[in-house]
Amino acid sequence: MSDIKEQATAFESSKYNPHEIEPKWQTIWQDSKLYETDLYDDSKPKYYFLTMYPYPSGDLHVGHWYAEAPADAAARYKRMQGYNVLFPMGFDAFGLPAENAAVKAAKRGENVHPATLTYQQIESMKKQFVQMGAMFDWSKEVVTCDPEYYKWNQWLFIQFLKKGLAYKKYSPVDWCPSCNTTLAREQVIGEERVCDRCGTPVIKKDLNQWYFKITDYADELLEFEGLDWPDKVRIMQTNWIGRSEGAEIDFKSAAGDITVFTTRPDTVWGATFMVLAPEHPYVAELTTSEQKADVEAYIEQASRKTEIDRQADSKDKTGIFTGSYATNPVNGAQIPIWIADYVLMGYGTGAIMAVPYGDQRDFEFAKKFELDIIAVIKPEDEAIVYDPTEMTEAYIGAGTVINSGPIDGTVCNEEKGKANPSIAAAIDWLDNNKAGRSAVTYRLRDWLISRQRYWGTPIPVIYCDDCGAVPVPEDQLPVELPTDIEFMPTGESPLKLHEGFLNTTCPTCAKPATRDTDTMDTFMDSSWYWFRYLSPDMEDAPFDKELASKWLPVEQYTGGIEHAILHLLYSRFFTKAMRDIGLTTVNEPFMKLRNQGMILGEDNEKMSKSRGNVVNPDSLVSEYGGDAVRTYLMFIGPWDQGGPWNTKGVEGTVRFLNRTWNAIIEDSDKDGSDDEATIKELRRATHYAVKEVTEDLDNFQFNTAIAELMTLLNVMTKLKNKALVKTVEWQETCKLVTLMLAPIAPHISEELWSRMDNSSSVHIAEWPSYDESALVQDTINMAVQVNGKVRAQIEVPSEASKEEILEIAKAEENIAKHFDGKEIKREIVVPGKLVNIVVA
RNA sequence: GCGGGAAUGGCGGAAUUGGUAGACGCGCUAGAUUUAGGAUCUAGUAUCUUCGGAUGUGUGGGUUCAAGUCCCAUUUCCCGCACCA
């Protein structure tokens, strides 16, 4: 863009009027393609700044502003620092709200297609985005419900299938009865086990579903080296993956070896019974005829229990004896095999060795069913009772191993999961006697991606009676969603009822066959969308490999903390899987991550229509202007913290922008001086602000950056006078203020910049650097303390020695008074800060 | 139960990482301007005070010349996970 000023309309007003200047610059920016990134420009280092794309919900919420305006400021700042910044935006356009709206309309007898609705909402959101003044590069826009996009979801699915990373299995799954679909484990929230979308408690269903093998990457996903991510997210992902080290131990039984996983193999000598999950495959064979009726009744009753009941019962253990016994491989003991629902089929091997002495759950079970307890660790603390007949709870702690034959006397000194001599000795013994081996287990489950809904990517698989599940040939992609569909809530995908879609021929043998009628989890769409931004119109590949090798990984990603495990874990998995398929060379998608907090209503509660505390950005913009709203949102407080909305606060930022405008535009009628001291003070304040604002923006501390600009403005207001405004130093300050304000309030700063006779945009101007020498003061204000209490302020030459400072301090009347007649024990001088005189 | 985070004026929040607590903004008070209100500008604003000072960063202790910051204990609140063997 060469000459932006020519395009600016003549401007009469000398008053700050956001309603005049904001639309004006929005149009100019758009017409001049100011924000289109040239991906092939190698003259500057690249910087991929990504912010999570929104679901097209129709209206821009103030939460969108809170997420995106500060991200925009940070991206603009990077651009001014000389990077070739890519800051794209798109829409996460598949998903349930649009489909549910279609179902609702169908019930009223109306015909509303999710696609129509989605594209309408995208259009209206894009209009609202303009008001924010964000520098999104819309030429790279990605809309995930476009067949050109989801075609590549299907293509990636097939590559995953070829690589063995996608598979189908029949298994109990979480089902949301309100959304009428299965969910991934990550989408089941909290103790109540509710759907993350609608809050309905999930139920279990047995279904044949597609999975991605994210568990293959469990260990690699625990590695965060080189990533600048919030600790909180790293910890959450680490906990979610839930790696446990221990051992597998084989117990002989009539049905074969029952393998258990334990983190405490050193307690196996204390295993007095075994417990299998009700769904364990050996249960039928191990159940004796006398126990059969009782066991079947128990299993029946356990399977009927919802997850909530199982939670509620967690204090009161239930279970049933199978009638069979297993052999403890370490001592040959015959131990009873029980079934209980506190053992979960989905974790470890679905079977446990029960050590009631050292495990609270096993202890409670043993007490209830009067099973044996053997002490296997003698506590270090002599005061602790370790007599099994006296114990009221399991002993879990440090001590010396007893009653465990070959490992007796070894030390158990650590918490579970850490290096421990007794565990090492036990694993050695198991290894040598071929009774077990060291093993690792994860909490992470494979990612269930099938959804029984219409508005998503069709799974590109065809089922043939002869050939089985056959992937759709790549040259036949995309498998497009049919548009003539009936939206009736049936609990199954509407695609299943669409004959034209359902029936097809087998790509291998050409016999009649049927399509998979499920669609993919929409988290599939968001697991690679930033690749597509680089070449959104590419037809023969998901993305341009050359551009990807240049532009990836993403330097900076921003978005909400609610995706800490879902989207962010899936995206990391995808990147690694795509690497192993040979599609990319990067190991991680996002090098730096920052999360914004949540903006709350004025009543400090989550914004919701029912509470009536929703703040509407449109009306805020028409009242205060977009710059003021942006600035306020950044000024509230630390970005990752969120906080309550306060309309009075926006009025404060309007005042700030208005005062900044007046300081720069209006002449002064005030008399005053432009002497050296005044100019020096102005320069010092200005360059100090540059230093602080730069550091703050580097750290995403928008609130303090704005506070710093306000402080500088206060100095300008104080000093401003007729003589001073004519100096070059004043002009320089105005220029630097405008540059520093540019990322935060892009419209007003562009207007001010153009009025300073600049022909190109402030947004491609260079970020200022500060002059260290301007920060040096002739004299420094220091505090003088006596016994740690401030008693006086002194002004000392900045280069004064410690001795000189002390001399000045002691000469101070109020100081002398405080140590007069007392013995001075110590004198501390911290140059530039304070003096502390310690007296007896 | 396990893991993480937080607690500072009337409010949102600062604090150079051990060095003058309360930057900046909101609100409030007084004054200027205005017919009035709003807007704007100026000054003030942690608490108590006998105007000398004293007290003050959830609570109790400790280290230090010096603690919002470090250590020990403790309370409350928020977030994540949860019968995970």
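These figures come from a predicted structure and were not determined experimentally. All heavy atoms count here, side chains included; hydrogens, waters and symmetry mates do not.
Distances from the side chain of A/Arg443 to the nucleotides B/A82, B/C79, B/U20 place B/A82 closest. In this structure, the nucleotide among B/A85, B/G19, B/A21 sitting nearest to the side chain of A/Val343 is B/A85. Checking B/G3, B/C81, B/C83 against the side-chain heavy atoms of A/Asn239 singles out B/G3 as nearest. Counting only heavy atoms from C-beta on, A/Val838 has its side chain closest to B/C65 among B/C65, B/G13, B/C83. The side chain of A/Phe261 lies closest to B/A85 when the candidates are B/A66, B/A85, B/U20. Comparing B/G3, B/G19, B/G13 by their closest approach to the side chain of A/Val830 singles out B/G19.
Because its glycosidic torsion is more than 90° from 0, B/U40 is reported here as anti. Applying the 90° cutoff around 0 to the glycosidic angle, B/G9 is assigned syn. For B/G52, the glycosidic angle deviates from 0 by 90° or less, giving a syn base.
Comparing the P positions of B/A15 and B/U8 gives a spacing of 15 Å, expressed to the nearest Å. As rounded to the nearest Å, B/A82 and B/U75 have P atoms that lie 26 Å from one another. For the P atom pair drawn from B/C48 and B/C65, the interatomic distance equals 34 Å after rounding to whole Å. For the C1' atom pair drawn from B/G37 and B/A23, the interatomic distance equals 33 Å after rounding to whole Å. Between B/G56 and B/G10, the distance separating the two P atoms is 16 Å to the nearest Å. Going from the P atom of B/A67 to that of B/U55 covers 12 Å, rounded to whole Å. Comparing B/A14 with B/G68, their C1' atoms are spaced 12 Å from each other, to the whole Å. Here, B/A36 and B/U49 have their C1' atoms 41 Å apart, quoted to the whole Å.
Within the structure, a side-chain polar atom (N or O) of A/Arg659 is placed less than 4.0 Å from OP1 or OP2 of B/C41. A/Ser244 has a side-chain polar atom (N or O) that falls below the 4.0 Å cut-off from OP1 or OP2 of B/A85. Of the side-chain N and O atoms in A/Arg361, one or more sit less than 4.0 angstrom from OP1 or OP2 of B/C84. Not one side-chain nitrogen or oxygen of A/Asn714 sits closer than 4.0 Å to the OP1 or OP2 atom of B/A23.
Ring pair A/Trp661/A/Tyr16 is tilted by interplanar angle, where 30° to 60° counts as tilted. Relative orientation of the A/Phe261 and A/Tyr347 rings is perpendicular, given thresholds of 30° and 60° on the angle between their planes.
Counting to the nearest Å, the C1' atom of B/G19 and the NZ atom of A/Lys789 are 15 Å from each other. A/Asn787 places its CG atom 11 Å from the C1' atom of B/A66, with the value rounded to the nearest Å. The CD atom of A/Glu605 sits 11 Å away from the P atom of B/C78 (whole-angstrom rounding). In this structure, the CZ atom of A/Phe702 is 20 Å from the C1' atom of B/A23, given to the nearest Å. Atom CD in A/Gln237 sits about 13 Å away from atom P in B/C81, given to the nearest Å. Distance A/Leu600 CG to B/C79 P: 11 Å, rounded to the nearest Å. Taking atom CD on A/Glu695 and atom P on B/A15, their separation rounds to 11 Å, with Å as the unit. Atom CG of A/Asp696 and atom C1' of B/A23 are 12 Å apart (whole Å).
Applying the salt bridge (charged side-chain N to carboxylate O under 4.0 Å, His left out) rule to A/Glu248 yields the partners A/Arg437; only residues at least two apart in sequence or on another chain are considered. Looking at residues two or more places apart in sequence or on another chain, you find a salt bridge (charged side-chain N to carboxylate O under 4.0 Å, His left out) between A/Lys691 and A/Glu695.
The residue from A/Thr349, A/Leu276, A/Asp250, A/Ile352 that alone fulfils the side-chain contact (heavy atoms from CB on, under 4.5 Å) condition with A/Ile258 is A/Leu276. Here the options are A/Tyr624, A/Trp645, A/Phe656, the test is ring pair (Phe, Tyr, Trp, His ring centres under 6.0 Å), and the partner is A/Tyr632; only A/Trp645 passes.
Of the N and O atoms on the side chains of A/Arg659 and A/Asn714, at least one donor lies less than 3.5 Å from an acceptor on the other residue.
Residue A/Lys833 is in base contact, counting any heavy-atom pair closer than 4.0 Å across all strands shown. No engagement by A/Thr631 is indicated, since no non-hydrogen atom pair under 4.0 Å with the nucleic acid exists. The residue A/Arg791 sits close only to the backbone: its heavy atoms come under 4.0 Å of sugar-phosphate atoms, none of a base. Nucleic acid contact class of A/Leu834 (heavy atoms, under 4.0 Å, all strands): base. Counting non-hydrogen atoms under 4.0 angstrom, A/Asn703 reaches the backbone sugars and phosphates but no base.
Residue A/Gln793 places a side-chain atom within donor-acceptor reach of the base of B/U20, judged by atom type and a 3.5 Å distance cut-off alone.
Both tests do not hold together for A/Arg572 against A/Trp240: distance to the six-membered ring centre under 6.0 Å, angle to the ring axis within 45°.
Toward the 5′ end of RNA chain B lies the nearest nucleotide of A/Arg655, the other residue of the pair A/Asp362 and A/Arg655 mapping further downstream. If A/Ala707 and A/Gly242 are placed on RNA chain B by their nearest nucleotide, the residue sitting closer to the 5' end is A/Ala707.
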How would nucleotides 6-12 of chain B be written as a contact map, 5' to 3', with B for base contact, S for sugar-phosphate-only contact and - for no contact, using protein heavy atoms under 4.0 Å?
------B
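Aromatic rings of A/Trp338 and A/Phe365 (six-membered ring for Trp) have centroids within the 6.0 Å cut-off, being under it.
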Using nucleotides 32-34 of chain B, report all nitrogen or oxygen pairs with the protein that are shorter than 3.5 Å.
none

Restricting to nitrogen or oxygen on both sides, can you table the protein-nucleotides 68-72 of chain B pairs closer than 3.5 Å?
none

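Listed for the A/Asp174 side chain is no donor-acceptor partner under 3.5 Å among the backbone atoms of A/Ala184. Using a distance-only test at 3.5 Å, with no hydrogens or angles considered, no donor-acceptor pair links the side chain of A/Ser404 to the main chain of A/Trp269. In this structure, A/Asp266 contributes its side chain and A/Ala426 its backbone to no donor-acceptor pair below 3.5 Å.
One finds the CG atom of A/Asp359 at 6.5 Å from the CD1 atom of A/Ile396 (value rounded to the nearest 0.5 Å).
Shown here for A/Thr272 and A/Asp372, the closest heavy-atom pair between the two residues is OG1-O, 2.7 Å. When all heavy atoms are compared, the tightest approach of A/Met353 to A/Asp362 is O-OD2, 3.8 Å.
Taken together, the paired segments of RNA chain B that extend over three or more consecutive Watson-Crick or G-U pairs, each closer than 3.5 Å at both contacts, are B:1-7 with B:75-81, B:10-12 with B:24-26, B:27-32 with B:40-45, B:46-48 with B:53-55, B:58-62 with B:70-74.
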Tell me, with the steps shown, if A/Asp219 and A/Arg243 meet salt bridge (Lys or Arg N to Asp or Glu O under 4.0 Å).
CA-CA 8 Å; A/Asp219 276 322; A/Arg243 185 180 201 270; 2.8 Å; yes
